[in-house]
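Here the structure is laid out as structure tokens; the discussion comes afterwards.
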Number of protein chains: 2
Amino acid sequence: MSLREKKKQETRTRIFDVSAALFKEKGFENTTVDEITKEAGIAKGTFFNYFPTKEALLFYFKEQKEEFVRDLMTGQMSLNAPVKERLMDLFVLVAEHYEKDKELSRLLFFEHKRLIMASGKIPSGSRHEGHSPGHFVNMLCSLLQEGIQNGEIRQTVDPMVAAKTLHAIYFHSLMGWLHSNTDYSFSNDISAKVDLLFTGIGE
Amino acid sequence: MSLREKKKQETRTRIFDVSAALFKEKGFENTTVDEITKEAGIAKGTFFNYFPTKEALLFYFKEQKEEFVRDLMTGQMSLNAPVKERLMDLFVLVAEHYEKDKELSRLLFFEHKRLIMASGKIPSGSRHEGHSPGHFVNMLCSLLQEGIQNGEIRQTVDPMVAAKTLHAIYFHSLMGWLHSNTDYSFSNDISAKVDLLFTGIGE
DNA sequence: GCTTAAATATGACTCTGGTCATTTATGACC
DNA sequence: GGTCATAAATGACCAGAGTCATATTTAAGC
């Protein structure tokens, strides 16, 4: 790696680290780009050579977090247990991870939507969890297919539709939980809903 | 109503109308508060006497829209048809309404979240659809109770849990649809999911 | 109608995210 | 080591959201 590359990488990392620390300390809104750059020992303009906007930083935080979660999930997936159980554990596992830093999770979760909206400013090469399948949904889908194979899930179920529905449930529960200040049990909430989906509501 | 009250009401309405027109014409981001106030014939500071932030306007737009939707829903609810059918029609009805101005819907839908997050700046007296039940969920709940009564829905189903699950599904479908540029059928998407919930996925 | 207090309007000002023409550092080639 | 092209850093600058001390308008009491 050339000197240039090395320095670049270094600066990027420094911006990242400094930002993380400041955000954690004073929150996203209360941290200015000036502060970040001053703390990182660079000029203001330099920041924008690395990240198109201040909010874009969140995007990279999210990416980092998602990578971590992805690994968590992959581990969980390969266990040996009934599909439904693995599903529930998967949700809880991920939620527990988010729970570790609720404030940041909120930020990433809710701000991320705006990033998607404010198109044109999205860092390139990005996947947009939510529309086109996305990793999480795909993982749910293959889990469900497994369930269909071994008879835990009805043959007639379209695994993709079911996966999306599960994702909807997960997403909604997570959102509600992130909104709430009073902490209610995420796992109770989601398990009731997943149970319902398994059993069906129709007579 | 005193002269003061009348003027106040007038100004508020003018800000509202002018904003709506400008947002529609050039989009939310591309409309400045300066433009709004100039067009409305008031000073910049005055704007902030009426609305705490520019984004707060969206909140009131949303409220207005929600009131409209609420009426739509109430009408739909009182029809005579199987619960499931009414449910589906309800979703489609609301989605069709949103479809009329997809851009605005996106804005309200996604920006609203931020408003909730950036607490302290939320106009007082606001309900936050999403956490504590909310009108939509309550409506779904009573619809489901009706279904339990007349045997369309299993006795053992907790109507509130089911209502929240339906809301999750609705929300997710709506979100996906609002994200997508390529227009796929919202009704197809949601009906597949609702079907699934009725039937259940478990063997 | 005059006086006074409170509500409301005002716009100069501040603060911060983001831009861009200019300067500086790097590396390739001789 | 000198020259040149290109990548990267810089900070003065701009635009727009939001603030606030001050000015104006209203309403009430006399």
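Any value given below was found using the heavy atoms of this structure, including those in side chains, with hydrogens, waters and symmetry copies removed. Each chain gets a letter, A, B and so on, in the order the sequences are listed, and its residues count up from 1.
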Nearest-Å distance for atom pair CZ/C1', residues A:Arg4 and C:dT26: 4 Å

Among D:dT10, D:dA27, C:dG11, the nucleotide that comes nearest once only the side chain of A:Ala43 is considered: D:dT10

Whole-Å distance separating the CD atom of B:Glu29 from the P atom of D:dA15: 17 Å

Which residues share a side-chain hydrogen bond (donor to acceptor under 3.5 Å, both in side chains) with A:Lys26, sequence neighbours left out: A:Glu35

Most 5' of B:Glu5 and A:Tyr50 on DNA chain D, judged by nearest nucleotide: A:Tyr50

Distance in angstrom units between B:Asn30 CG and D:dA15 C1', rounded: 13 Å

Value in whole Å for how far the P atom of C:dT8 lies from CZ of B:Arg12: 11 Å

Closest to side chain of A:Phe48, choosing from D:dA8, C:dT19, C:dA9: C:dT19

Between D:dC20 (C1') and B:Phe47 (CZ): distance, integer Å: 17 Å

Check against salt bridge (charged side-chain N to carboxylate O under 4.0 Å, His left out), B:Lys38 and B:Asp34: CA-CA 6 Å; B:Lys38 200 160 286 181; B:Asp34 268 321; 6.0 Å; no

Between P of C:dG18 and CG of A:Leu57, the distance in whole Å: 10 Å

Polar contact flag, side-chain donor to acceptor under 3.5 angstrom, B:Ser2-B:Arg4: no

Between A:Phe186 and A:Tyr98, ring centroids under 6.0 Å: no

OP1 or OP2 of C:dG17 under 4.0 Å from side-chain N/O of A:Thr53: no

Distance below 4.0 Å between A:Lys7 side-chain N/O and D:dA8 OP1 or OP2: no

Sugar-phosphate, base or nothing in reach of A:Thr31, heavy atoms under 4.0 Å: sugar-phosphate

Side chain of A:Thr32 (C-beta onward), nearest among C:dT8, C:dG17, D:dA17: C:dG17

Separation of atom CZ in A:Phe51 from atom P in C:dG18, rounded to whole Å: 13 Å

Carboxylate-amine/guanidinium proximity below 4.0 Å for B:Lys62 and B:Glu66: yes

Residue mapping more 5' on DNA chain D - nearest nucleotide basis, A:Lys44 or B:Lys54: A:Lys44

Spacing between A:Lys8 atom NZ and D:dA9 atom P, to the nearest angstrom: 8 Å

Nearest-nucleotide 5' precedence on DNA chain C, A:Asp34 against B:Thr46: B:Thr46

